[in-house]
Number of protein chains: 2
Amino acid sequence: MNVDPIVFAKVLADETRQEIMGHLCCVWLSVGDVVDKLGGKVNQPTVSHHLKKLEEANLVLIRQEGRQRFYTLNQAQLTICCGTLMRAFAPNYADQVIAIEDIG
Amino acid sequence: MNVDPIVFAKVLADETRQEIMGHLCCVWLSVGDVVDKLGGKVNQPTVSHHLKKLEEANLVLIRQEGRQRFYTLNQAQLTICCGTLMRAFAPNYADQVIAIEDIG
DNA sequence: AAATTATATTGATGTCTATCAATATGTCAA
DNA sequence: TTGACATATTGATAGACATCAATATAATTT
């Protein structure tokens, strides 16, 4: 899938989006759930916008259920992207890290 | 040092800056050297601007020599930041990665 | 000291994007 | 089919930031 470090970094480079990612870590949430978790910080269209960005970067898994869409973090993809960054910008240390993309 | 994932991601989220990081990986270069490596893509003040951003994120090591300043990528810091991302957003995989901050 | 070289800073400008209000689309219930 | 609910899309706006030209600072040389 997509492992472009620029795309990856741009998606990460927003506070609200990282907050959403935190809430989606190890958990499936609907869009409305995410809106609630953010407690009025932003409203629904903004959350949808961020989820779309995450989807385009393949950083979320999606499951449709009735009229709701459930999202969770795609940890495997995130691991791959971090591995790409490591090999590009920290090759002296990357060798000492388990070949991450071989795990998932 | 600074391991704020937002700061880290924002610094990475620029194409020119990642290009500069690539040139500074495993190599010490002066500001003028970096300008040359970019082959006219941007000019010197812009390079200085990017290097300052990298410095603020502790992502470069700096050595002054005469009137030149030499920069190289801080691979240890980059490794730590990737580790922080992994623990925050891919905890299911982070355990399978060597405790990175214990290396350097 | 004056000139030259290397890098940093400042101010202006254009582009990108996060955000919102409003609306559209899609799905289920009655 | 109509209404209600969940999410997505659109258009507008404001703030952030990459870039440049011009200038300042700092270090070396003559």
Side-chain angles (χ1 to χ4, degrees), chain A residues 2 4-24 27-74, chain B residues 2 4-24 27-74:
Chain A
N2 184 4
D4 179 3
I6 293 285
V7 172
F8 178 58
K10 284 193 176 179
V11 168
L12 282 177
D14 180 81
E15 195 179 344
T16 300
R17 207 144 50 214
Q18 278 202 22
E19 204 172 334
I20 291 173
M21 290 173 69
H23 286 122
L24 291 179
V27 181
W28 287 88
L29 292 181
S30 71
V31 178
D33 291 337
V34 175
V35 173
D36 292 344
K37 291 271 183 187
L38 294 177
K41 181 184 183 182
V42 294
N43 49 23
Q44 178 265 318
T46 300
V47 171
S48 282
H49 167 252
H50 287 307
L51 292 171
K52 188 178 183 184
K53 292 278 186 171
L54 290 167
E55 179 181 359
E56 288 167 354
N58 192 32
L59 283 174
V60 285
L61 304 175
I62 305 179
R63 177 162 53 87
Q64 188 99 22
E65 199 147 322
R67 39 190 161 189
Q68 337 196 31
R69 285 185 97 188
F70 288 88
Y71 292 80
T72 194
L73 254 194
N74 184 349
Chain B
N2 185 6
D4 179 3
I6 293 285
V7 172
F8 179 57
K10 284 194 175 179
V11 168
L12 281 177
D14 181 82
E15 194 180 343
T16 301
R17 208 144 50 214
Q18 278 203 23
E19 203 172 333
I20 291 173
M21 290 172 67
H23 288 306
L24 291 178
V27 181
W28 287 89
L29 292 181
S30 71
V31 178
D33 291 337
V34 175
V35 174
D36 292 344
K37 291 270 184 188
L38 293 176
K41 181 185 183 184
V42 294
N43 49 22
Q44 178 266 316
T46 299
V47 170
S48 282
H49 167 254
H50 287 306
L51 291 172
K52 189 179 183 183
K53 293 276 186 174
L54 290 167
E55 179 181 358
E56 288 166 354
N58 193 31
L59 284 174
V60 285
L61 305 176
I62 306 179
R63 179 163 51 87
Q64 187 98 23
E65 200 146 319
R67 41 190 158 187
Q68 334 194 35
R69 286 185 95 188
F70 287 88
Y71 292 81
T72 194
L73 255 195
N74 183 350

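The basis for the numbers below is simple: all heavy atoms, side chains too, and nothing from hydrogens, waters or symmetry mates. Sequence lines set the chain letters: A, B, ... in the order given, protein chains first and strands last, and positions in each chain run from 1.
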Residue pair Lys41(B), Glu19(B): steps toward the salt bridge (charged side-chain N to carboxylate O under 4.0 Å, His left out) verdict: CA-CA 11 Å; Lys41(B) 181 185 183 184; Glu19(B) 203 172 333; 2.8 Å; yes

Any side-chain to backbone donor/acceptor pair from [X] onto [Y]? Under 3.5 Å, distance only.
X: Thr72(B); Y: Leu24(B); value: yes
X: Ser30(B); Y: Phe70(B); value: no
X: Asn74(A); Y: Leu61(A); value: no
X: Arg17(A); Y: Lys10(A); value: yes

Pairs satisfying salt bridge (Lys or Arg N to Asp or Glu O under 4.0 Å), at least one member in residues 58-73 of chain B, at least two apart: Glu55(B)-Arg69(B), Arg63(B)-Glu65(B)

Give the rounded distance in Å between these two atoms: [atom1] of [X] and [atom2] of [N].
X: Gln68(A); N: dT7(D); atom1: CD; atom2: P; answer: 5 Å
X: Leu29(A); N: dA6(D); atom1: CG; atom2: P; answer: 15 Å
X: Ile6(A); N: dC16(C); atom1: CD1; atom2: C1'; answer: 14 Å
X: Arg63(A); N: dT7(D); atom1: CZ; atom2: P; answer: 12 Å
X: Asn43(B); N: dA6(C); atom1: CG; atom2: C1'; answer: 15 Å
X: His50(A); N: dT19(C); atom1: NE2; atom2: C1'; answer: 8 Å

Closest-nucleotide 5' rank along DNA chain C - winner of Ser30(B) and Thr16(A): Ser30(B)

Pro5(A) side chain reached by Leu12(B) side chain, heavy atoms, under 4.5 Å: no

Letter per nucleotide, 5' to 3', of nucleotides 8-17 of chain D [B base touched, S only sugar-phosphate touched, - untouched; heavy atoms, 4.0 Å]: BB-------S

Any N/O pairs under 3.5 Å between the protein and nucleotides 27-29 of chain D? List them or say none.
none

Closest heavy-atom pair and its distance - Gln44(A), Val35(A): CA-CG2, 3.9 Å

